[in-house]
Amino acid sequence: MSQENFPAVGGDTLTACLRHWAATTPDAPALTFADFADDPAGRRRTLTWRQLAERVDAAAGALPVSPGDRVAVLCPQGPDYVIGFLAAITAGAIAVPLFDPGLPGHAGRLAAVLADCAPSAVVTTAGARPGVEAFLGQDIAVVTVDRPEPARTWPAPTAAPDDVAYLQYTSGSTRSPAGVVLTHANVLANVTQAVRGLGLDPAAATTVSWLPLFHDMGLVLGLITPLALGLRSVLMDPLAFIERPVRWLELLGDHAGSWSAAPNFAFHYCASRIREADRARLRLGRVAAIVNGAEPINPDVLDRFHTAFAAAGYRPDMTRPAYGLAEATVFVTTGPAATPRVTTFDRDALSMGTARPAGDGVRLVACGVPAGQLVALVDPETGIVRPDGSVGEIWVHGPNVGTGYWQKPVESAETFGARPSGDDRPWLRTGDLGVRHDGELYIAGRIKDLIIVDGRNHYPQDVEATAASADPAIRPGSVAAFAVAGTDTEAVVVVAEHRGHADLTEPAERALGGAIRRLISDAHGLALREVLLVPPGRVPRTSSGKIARGACRDRYFAGDYGKALAR
């Protein structure tokens, strides 16, 4: 699709887009939810654009908020989530896409985000309301989007492109979660960039997604892109995918020109869990593309997925490797409609900052090129732009980059206000290392010890502080958290010094390890591979007294810590 023929979005704000499609295509399907909770076949529930707009207006009218107030979306996945998110924005508030407090293992994160954004109201469903009110434990207005009660008169305030649309929470650079501030203009710019880069045809496309709507990729794929372009969105619950991954691929085959996206683990999960008999029923030749992004892409996983579903009509050129992050709304680069490009680089040269193709070494998947934004590979210490073939920190500049972190001016300036040498424009520092080779971006690794699991960034000092809080005998500053390679994504190991380690019984050590696992799961959404409790002095430090995570990782692989007991 040429840039000259590139289709316009439905308006310059998300609310304008909803109004546009409700007026021009009122009876066209806007949203279909495949509900597998009570029906193994997935009962379909569909809303037209007119119906969606009417329900959004009703819920927005029930929100007792003023422009700029935050509204937390605590709905289960489904149509009510879409309605609640859009209702918050339609009412003039700032939406905060979160999740039902009943989601296992995320209570600590939810509490931290709510404390950070201080919402004036919450939207949920009638069924989830008792659990939401019990979790909140404070006087915050709760509106049920499936049974709204009008609270004020209409019309709602008119949004402007530079108004903040929502806060996308990420792990951030501090222990507390950080909300990326995204305007209507940021989000709609990223939609146009992604569609241009992917070659998506709005006249014949349907988006299909199981990704959680509170994640950046799930929100943009399953809600915002269809809203901007007037596409049909088909959604399912993430749990339904985990229970039977074939359901996702069946939905893709049900719609010609279907688009989807998923992290690397989903490709591995499908290839390993879907039976041959189920594969035979799939119609994947109708798929336009599946974007693989949000974490390091494993070329072996892609090969396995392509082989597993070739007989169902899936071709390697349907897979679109991509790179992105919440701070840039979501999309930064992607490749053309071609078999994913895999290049083997010399391992030693890559570790020294140079990408040199070799017959044996590190296989990396090309993540394509940017569309409508700029990407530079920069020396993180000097700010000097590195030449092609040299590893550098990935910096991004474009209209899709958020305005900062919510109420975190120092972190915002450091992350969103970088200045390459000789350039006065603000650039986003991603914290990721990459290299440009033959015109395409490859993700080479992480800045220092940044941990990325399932597409999310986790700073080791945050994980370490959480681990240390499990027991007063674990001294802060005596814990190391680092990533190790897993089957289809990175895994995390924690090594913690314990003052009374010599007196710990094996049951007590196991119990403490379990407590550390629970705390880190709640606070960071991480499932640890191992927890190792060690005597004082066993965690290595640099000459300046800082934790030497790389050296600690080396000791772990060398077996210096023995067998983990706290599993």
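The structure displayed is predicted, hence computed values, not measured ones.
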side-chain hydrogen bond (donor to acceptor under 3.5 Å, both in side chains) partners of [range], not counting sequence neighbours, each pair once:
range: residues 229-240; value: Thr32-Arg232
range: residues 365-377; value: Gln193-Gln373, Gln373-Asn400
range: residues 299-308; value: Asp300-Arg363, His306-Thr319

Original post:
What do you reckon, is CG of Asp360 surrounded by more than 12 foreign heavy atoms closer than 6.0 Å?
Top reply: no
**OP:** Count the heavy atoms of every other residue, nucleotide or ligand shown that sit under 6.0 Å from CG of Asp38, and state whether that count exceeds 12.
**Re:** no
For [X], enumerate each residue passing the side-chain hydrogen bond (donor to acceptor under 3.5 Å, both in side chains) test, keeping only those at least two apart in sequence or located in another chain.
X: Asp254; value: Arg44, Arg283
X: Arg279; value: none
X: Arg273; value: Tyr269
X: Arg286; value: none

Using modelled atom types and a 3.5 Å cut-off, is there a donor and acceptor pairing between side-chain atoms of [X] and backbone atoms of [Y]?
X: Thr13; Y: His184; value: no
X: Arg553; Y: Ala483; value: yes
X: Ser258; Y: Leu252; value: yes
X: Arg55; Y: Ile83; value: no
X: Arg247; Y: Ala240; value: yes
X: Asp522; Y: Gly108; value: no
X: Thr225; Y: Val220; value: yes
X: Arg436; Y: Asp388; value: no
X: Asn190; Y: Phe331; value: yes
X: Trp21; Y: Leu227; value: yes

**OP:** Would you mind listing every salt bridge (Lys or Arg N to Asp or Glu O under 4.0 Å) that reaches into residues 328-341, with sequence neighbours excluded?
**Re:** Arg341-Asp438, Arg341-Glu440
Who passes ring-ring contact (aromatic ring centres under 6.0 Å, His included) against [X], sequence neighbours left out?
X: Phe36; answer: none
X: Tyr166; answer: Phe85
X: Phe33; answer: none
X: Trp427; answer: His397

Is any side-chain heavy atom of [X] less than 4.5 Å from a side-chain heavy atom of [Y]?
X: Leu428; Y: Thr415; answer: yes
X: Asn264; Y: Asn292; answer: yes
X: Trp395; Y: Leu374; answer: no
X: Pro263; Y: Met217; answer: yes
X: Glu327; Y: Val401; answer: no
X: Leu167; Y: Val180; answer: no
X: Leu221; Y: Ser260; answer: yes
X: Val342; Y: Val365; answer: yes

Original post:
Run the side-chain contact (heavy atoms from CB on, under 4.5 Å) check on Thr125 and Asp100 step by step: do they pass?
Top reply: CA-CA 9 Å; Thr125 61; Asp100 182 346; over 6 Å; no
Pick out which of [options] makes a side chain to side chain contact (heavy atoms under 4.5 Å, CB included) with [X].
X: Leu235; options: Leu213, Thr207, Leu211; answer: Leu213
X: Pro226; options: Leu231, Val82, Leu31; answer: Leu231
X: Val375; options: Val332, Val369, Thr430; answer: Val332

Subject >> Salt bridge present between Asp57 and Arg19 (N-O < 4.0 angstrom) >> reply: yes
Original post:
Salt bridge or not for Asp35 and Arg45, using N-O below 4.0 Å?
Top reply: yes
If you round to the nearest 0.5 Å, how far is [atom2] of [Y] from [atom1] of [X]?
X: Ser209; Y: Ile290; atom1: OG; atom2: CD1; result: 11.0 Å
X: Leu47; Y: Leu52; atom1: CG; atom2: CG; result: 6.0 Å
X: Ile394; Y: Leu441; atom1: CD1; atom2: CG; result: 4.5 Å
X: Phe214; Y: Cys75; atom1: CZ; atom2: SG; result: 12.5 Å
X: Leu249; Y: Phe309; atom1: CG; atom2: CZ; result: 5.0 Å
X: His437; Y: Thr343; atom1: NE2; atom2: OG1; result: 4.5 Å

Original post:
Is the distance between the ring centroids of Phe267 and Phe305 less than 6.0 Å?
Top reply: yes
Considering all heavy atoms of both residues, which atom of [X] and which atom of [Y] are nearest to each other, and what is their separation?
X: Ala23; Y: Pro26; result: O-CD, 3.8 Å
X: Tyr81; Y: Pro76; result: CB-O, 3.6 Å
X: Val301; Y: His268; result: CG1-N, 3.5 Å
X: Arg281; Y: Asp278; result: NH2-OD1, 2.7 Å
X: Val181; Y: Asn186; result: O-OD1, 4.0 Å
X: Pro29; Y: Thr46; result: CB-CG2, 3.9 Å

**OP:** Apply side-chain contact (heavy atoms from CB on, under 4.5 Å) to Tyr323 and Asp432, showing your working.
**Re:** CA-CA 10 Å; Tyr323 168 75; Asp432 293 321; 2.7 Å; yes
